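Working notes, structure below.
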2 protein chains.
Amino acid sequence: MQQDNRSARVKILAAAVQLFAEYGYHASSMREIARIAGIQAASIYYHYPSKQALLVEIMQVHMNQLNTNLERIIGKPHNFEQCLYDAFSNHIILHTTYKPEFFIIDTEIRALDPENRGRILCLRDQYEDLIQGLLQEGMEQGVISQTDVKIASYAIIAMCTEVAQWFRPGGRLTVQQVIEIYFQMITKGLLNLKDNAEIAEESAHI
Amino acid sequence: MQQDNRSARVKILAAAVQLFAEYGYHASSMREIARIAGIQAASIYYHYPSKQALLVEIMQVHMNQLNTNLERIIGKPHNFEQCLYDAFSNHIILHTTYKPEFFIIDTEIRALDPENRGRILCLRDQYEDLIQGLLQEGMEQGVISQTDVKIASYAIIAMCTEVAQWFRPGGRLTVQQVIEIYFQMITKGLLNLKDNAEIAEESAHI
DNA sequence: GTCTATATCGGGATAGAC
DNA sequence: GTCTATCCCGATATAGAC
């Protein structure tokens, strides 16, 4: 038997992440969080003022991480294609590495009280603005074709976020392979519907 | 003042949809559902055996509608491109028309007890299988390029589902225009990253 | 810093009158 | 078919000892 040397604060937050992700915020009790952390429910209140504070902490830490990384990627001098790759790579890596945390961010916004909700939604808007600015840059450079930046950003963010739902570390694909596939789908088309001329040409080559 | 002629069953379910979507299943009380439906909480139990039954009813009705429509679209003799269009058109139209209902389906699976969860997840798997079968058909016909069918289906479903989050009826775009944009993004690429030869060619044309 | 004990509240569901 | 009244439970959070 090894003892668990993590601080109580860390163990409490880890337990909250696990339960909020599996059962949802409202279905998770402070008693159960405490049980998993190995303490009594009342002891949580020495470290955190409320259950809501646990949720806010989880969301803030990881939204800040997502934004800070993206700011660093976009902020330095760059080649557009590489920058685009790094941006979505960051999104997919964080969402798969911290799957329960980002799942909570995506599903428990409504469990926040109005003040906290505003703060977290502001971080999400910042992230979307950064992504949209990057796409805008590519369009202005003529490196990507003209498109509705907002719609494209929402579509890409949605499909990259969803990766975390099915990705299994140690499975058929590594995360780097998944990133490569998604980058290809985003920049070269998901399905590549061929017109009749293309189909005829391909048949001729056989 | 007009009286509300809908049956009690309908009013109860509509109230449940509204509250489950806005606050989540566990954060919505039977008392509040009853208040919105204009009756007492105890009266709900004449129409539905439990709160869980309300959730199951909402999910089943709309997943069945989604599947039934798609089966009809795929089942009849068809041109592949048109069929693909109709399939995603069905997805986007239902998800925007019944936005709260599908939002509940997407976020409250974990609120179902194990037996009900299995039943609903089975309907979702059926839907994914139908979409994947369609993509497989297109690949075998050579109408779309070789791709990982599962990954492509997950990516496309995710981006089409997300439309409901930002789409506003009466806004800048009609739902038909949105469907057209998404069909283009899916079949012709979201961003269309150009290589250097293409950029040079475009410059030459100016 | 963690405990036991408890205050206080609101939840789902039921009984039985009308 | 809807009501009032209520049971019973588990929730968050606090008080105060150690």
Side-chain angles (χ1 to χ4, degrees), chain A residues 1 3-59 104 107-117, chain B residues 1 3-59 104 107-117:
Chain A
M1 282 290 231
Q3 66 175 359
D4 187 343
N5 281 321
R6 295 174 302 165
S7 73
R9 251 190 92 90
V10 170
K11 284 191 275 192
I12 291 165
L13 205 66
V17 165
Q18 178 187 328
L19 289 173
F20 290 173
E22 183 162 355
Y23 304 109
Y25 176 77
H26 291 293
S28 307
S29 72
M30 294 296 266
R31 293 185 220 282
E32 183 69 3
I33 291 169
R35 197 188 59 77
I36 293 178
I39 54 173
Q40 291 299 312
S43 305
I44 295 177
Y45 292 90
Y46 177 81
H47 300 279
Y48 292 93
S50 65
K51 184 183 176 186
Q52 175 88 185
L54 290 169
L55 182 59
V56 171
E57 173 91 352
I58 293 163
M59 290 186 168
I104 292 166
T107 56
E108 296 294 355
I109 293 282
R110 62 188 171 185
L112 293 166
D113 58 38
E115 189 184 345
N116 291 323
R117 190 182 306 142
Chain B
M1 282 292 229
Q3 66 174 355
D4 187 344
N5 281 321
R6 295 174 301 166
S7 73
R9 251 190 90 92
V10 170
K11 284 191 275 192
I12 292 165
L13 205 66
V17 165
Q18 179 187 327
L19 289 172
F20 291 173
E22 184 163 354
Y23 303 110
Y25 176 76
H26 291 293
S28 308
S29 71
M30 294 296 267
R31 287 166 167 81
E32 182 70 3
I33 291 170
R35 196 188 60 77
I36 293 179
I39 54 172
Q40 292 299 312
S43 305
I44 294 177
Y45 292 89
Y46 176 81
H47 301 279
Y48 292 93
S50 65
K51 186 183 175 187
Q52 176 89 185
L54 290 169
L55 182 60
V56 171
E57 173 89 351
I58 293 164
M59 290 186 169
I104 292 165
T107 55
E108 297 294 354
I109 294 282
R110 60 189 172 183
L112 292 167
D113 59 38
E115 189 185 345
N116 291 324
R117 189 181 306 142

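Chain A is the first sequence line, chain B the second, and so forth, proteins listed ahead of strands; every chain is numbered from 1. Since we're looking at a predicted model, the values are computed, not measured.
- Listed pair B/Ser43 / D/dC3 meets the phosphate criterion, a side-chain N or O lying under 4.0 Å from OP1 or OP2.
- Here A/Ser28 lies in heavy-atom contact (under 4.0 Å) with sugar-phosphate atoms only.
- The distance between atom OH of B/Tyr48 and atom P of D/dG1, rounded to the nearest whole Å, is 13 Å.
- Looking only at distances, a side-chain donor or acceptor of B/Ser28 sits under 3.5 Å from a matching main-chain atom of B/Gly24.
- Judged purely by atom type and a 3.5 angstrom limit, B/Arg110 uses its side chain to pair as donor or acceptor with the backbone of A/Ala21.
- C/dA13 atom C1' lies 5 Å from atom OH of B/Tyr45, rounded to whole Å.
- Computed from coordinates, the A/Ile44 CD1 to C/dC3 C1' distance equals 13 Å when rounded to whole Å.
- Checked by atom type and distance alone, the side chain of B/Arg117 pairs as donor or acceptor with a backbone atom of B/Leu112 at under 3.5 Å.
- If you measure from atom CE of A/Met30 to atom P of D/dT12, you get 7 Å, rounded to the nearest angstrom.
- A donor-acceptor contact shorter than 3.5 Å links the side chain of B/Gln52 to the backbone of B/Ala111.
- A/Ala41 comes within 4.0 angstrom of no nucleic acid atom, judged by non-hydrogen atoms across all strands.
- The residues B/Lys51 and B/Glu57 are annotated as not salt-bridged, no charged nitrogen and carboxylate oxygen being separated by less than 4.0 angstrom.
- The nearest whole Å value for the distance from the NE2 atom in A/His47 to the P atom in C/dG1 is 7 Å.
- Annotation: proximity of residues 50-59 of chain A to DNA chain D (heavy atom, distance under 4.0 Å) is found for A/Ser50, A/Lys51, numbered in ascending order.
- Distance, A/Ile33 CD1 to D/dG10 P: 17 Å, rounded to whole Å.
- Because its NZ or CZ atom is both nearer than 6.0 Å to the ring centre of A/Tyr48 and within 45° of the ring axis, A/Arg9 counts as a cation-pi partner of that residue.
- Residue A/Ser29 places none of its side-chain N or O atoms closer than 4.0 Å to OP1 or OP2 of D/dG10.
- When distances run from any side-chain atom of A/Tyr46 to the nucleotides D/dT2, D/dT14, C/dT2, the shortest one goes to C/dT2.
- Taking for each of B/Ala42 and A/Arg31 the nucleotide of DNA chain C with the nearest heavy atom, the 5'-most of the two is the partner of A/Arg31.
- Here C/dG11 presents its C1' atom at 17 Å from OH of B/Tyr23, a figure rounded to the nearest Å.
- Note that the CD1 atom of B/Ile104 and the CG atom of B/Leu55 stand 7.5 Å from one another [nearest 0.5 Å].
- Atom CD of A/Gln40 is separated from atom C1' of D/dT14 by 15 Å (rounded to the nearest Å).
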